[in-house]
Amino acid sequence: MSAVLIDGKETARVIRAELKEKAAALTAAGMRPGLTVILVGDDPASCSYVTGKKAACEELGIFSDSLHFPADFPEAELLKIIGEKNRDSRIHGILVQLPLPPHIDENKIIEAISPEKDVDGFHPVNVGRMVLEQECFLPCTPHGILQLLMRSNIDTKGKKAVVLGRSNIVGKPIANLLFQKQAYGNATVTVCHTATPDLAAEIKEADILIAAVGRPATVTSDMIKPGAVVIDVGVNRIPDASKKSGFRLVGDVDFEAVKEKASYITPVPGGVGPMTITMLMANTILAAGRALKNKEKKTC
Ligand code: GUN
């Protein structure tokens, strides 16, 4: 039996329609949401993500301020610009596209962003608040995954979830969120990484599998427990002469074979990807809403 396809594109479309209304209401109240996206260098995948973020802002009526700097842009200049955007009242969200060139200290840049404008949810203040289950910005890809699970009526409570990968952007936060005492949590979570001795044995236990390693065909159908829910976060470019671009995108999962064994599966492209940008828009709107509340409090 073939798995149900979790359609990230359609789910993102539904959420974006909800967000468009929220953005319009904030604009009418004098607080048009605004996002600054900063790209340093010309990494093709990063350029493509940034283009998608700009287009989403336009679609939702969010003010977008995109800055693109050369790969040798000095760290001190970048810090200065972040400081300016922290003080700019038109801007509610600041995103610096990662990875950054090696001469720039990623942690220093993330920590320079005001936690109130950290719509990526990467600042240690937001990470700490997330772990403590306090009000924060949830990181966009994990938040998008939770939305896909919730909107597909997939219950995580009491399930065994296995996360492949321990990155700060996906693996660590999604593992944490899945075991939290929340509607989307209460799973028993295992995190696998490069030092896991028997990856296949761990995957075999998974009711819910989150693959975020960035390597094609890491997950094959023989590893999958029949009926598992498979969320593929990988976005890998592989050469394909039949494409105009010369490549095609695949995930970390051998989709064609695994879909015959899973109960639910996300495709690549069209699964988690569209949700990441959508949750970035949601966080930007949330930040603008909080800014409006603070302004109203001050004028009371
Ligand atoms: N690079 C890959 N994913 C992300 C993301 O979610 N945010 C930022 N800032 N950079 C990324």
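When a ligand or atom number is given, it counts from 1 through the structure's own listing order.
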Please tabulate, one line per pair, the protein N or O atoms found under 3.5 Å from any N or O atom of ligand 1, giving the distance to one decimal.
{"from": "ligand 1", "atom 1": "1 (N)", "to": "Q97", "atom 2": "NE2", "distance (Å)": "3.2"}
{"from": "ligand 1", "atom 1": "1 (N)", "to": "L98", "atom 2": "O", "distance (Å)": "2.8"}
{"from": "ligand 1", "atom 1": "7 (N)", "to": "D120", "atom 2": "OD1", "distance (Å)": "3.0"}
{"from": "ligand 1", "atom 1": "7 (N)", "to": "D120", "atom 2": "OD2", "distance (Å)": "3.4"}
{"from": "ligand 1", "atom 1": "9 (N)", "to": "V96", "atom 2": "O", "distance (Å)": "2.8"}
{"from": "ligand 1", "atom 1": "9 (N)", "to": "D120", "atom 2": "OD2", "distance (Å)": "2.6"}
{"from": "ligand 1", "atom 1": "10 (N)", "to": "L98", "atom 2": "N", "distance (Å)": "3.0"}

Scan the side chains in residues 204-214 for donor-acceptor partners under 3.5 Å anywhere in the protein, sequence neighbours excluded, and list what turns up.
{"from": "K204", "atom 1": "NZ", "to": "D222", "atom 2": "O", "distance (Å)": "2.9"}
{"from": "D207", "atom 1": "OD1", "to": "K225", "atom 2": "NZ", "distance (Å)": "2.8"}
{"from": "D207", "atom 1": "OD2", "to": "K160", "atom 2": "N", "distance (Å)": "2.8"}

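- The pair R90-D65 does not meet the salt-bridge criterion, since no charged nitrogen lies less than 4.0 angstrom from a carboxylate oxygen.
- Listed for the K117 side chain is a donor-acceptor partner under 3.5 Å among the backbone atoms of I91.
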>> As a quick check of understanding, evaluate side chain to side chain contact (heavy atoms under 4.5 Å, CB included) for N176 and Q180, giving each step before the final call.
In response: CA-CA 6 Å; N176 188 276; Q180 289 192 355; 2.8 Å; yes
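- S245 is linked by a side chain to side chain contact (heavy atoms under 4.5 Å, CB included) to K243, F247, counting only residues two or more places apart in sequence or in another chain.
- For residues 16-71, the set of pairs meeting the ring pair (Phe, Tyr, Trp, His ring centres under 6.0 Å) definition, not counting sequence neighbours, comprises F69-F73.
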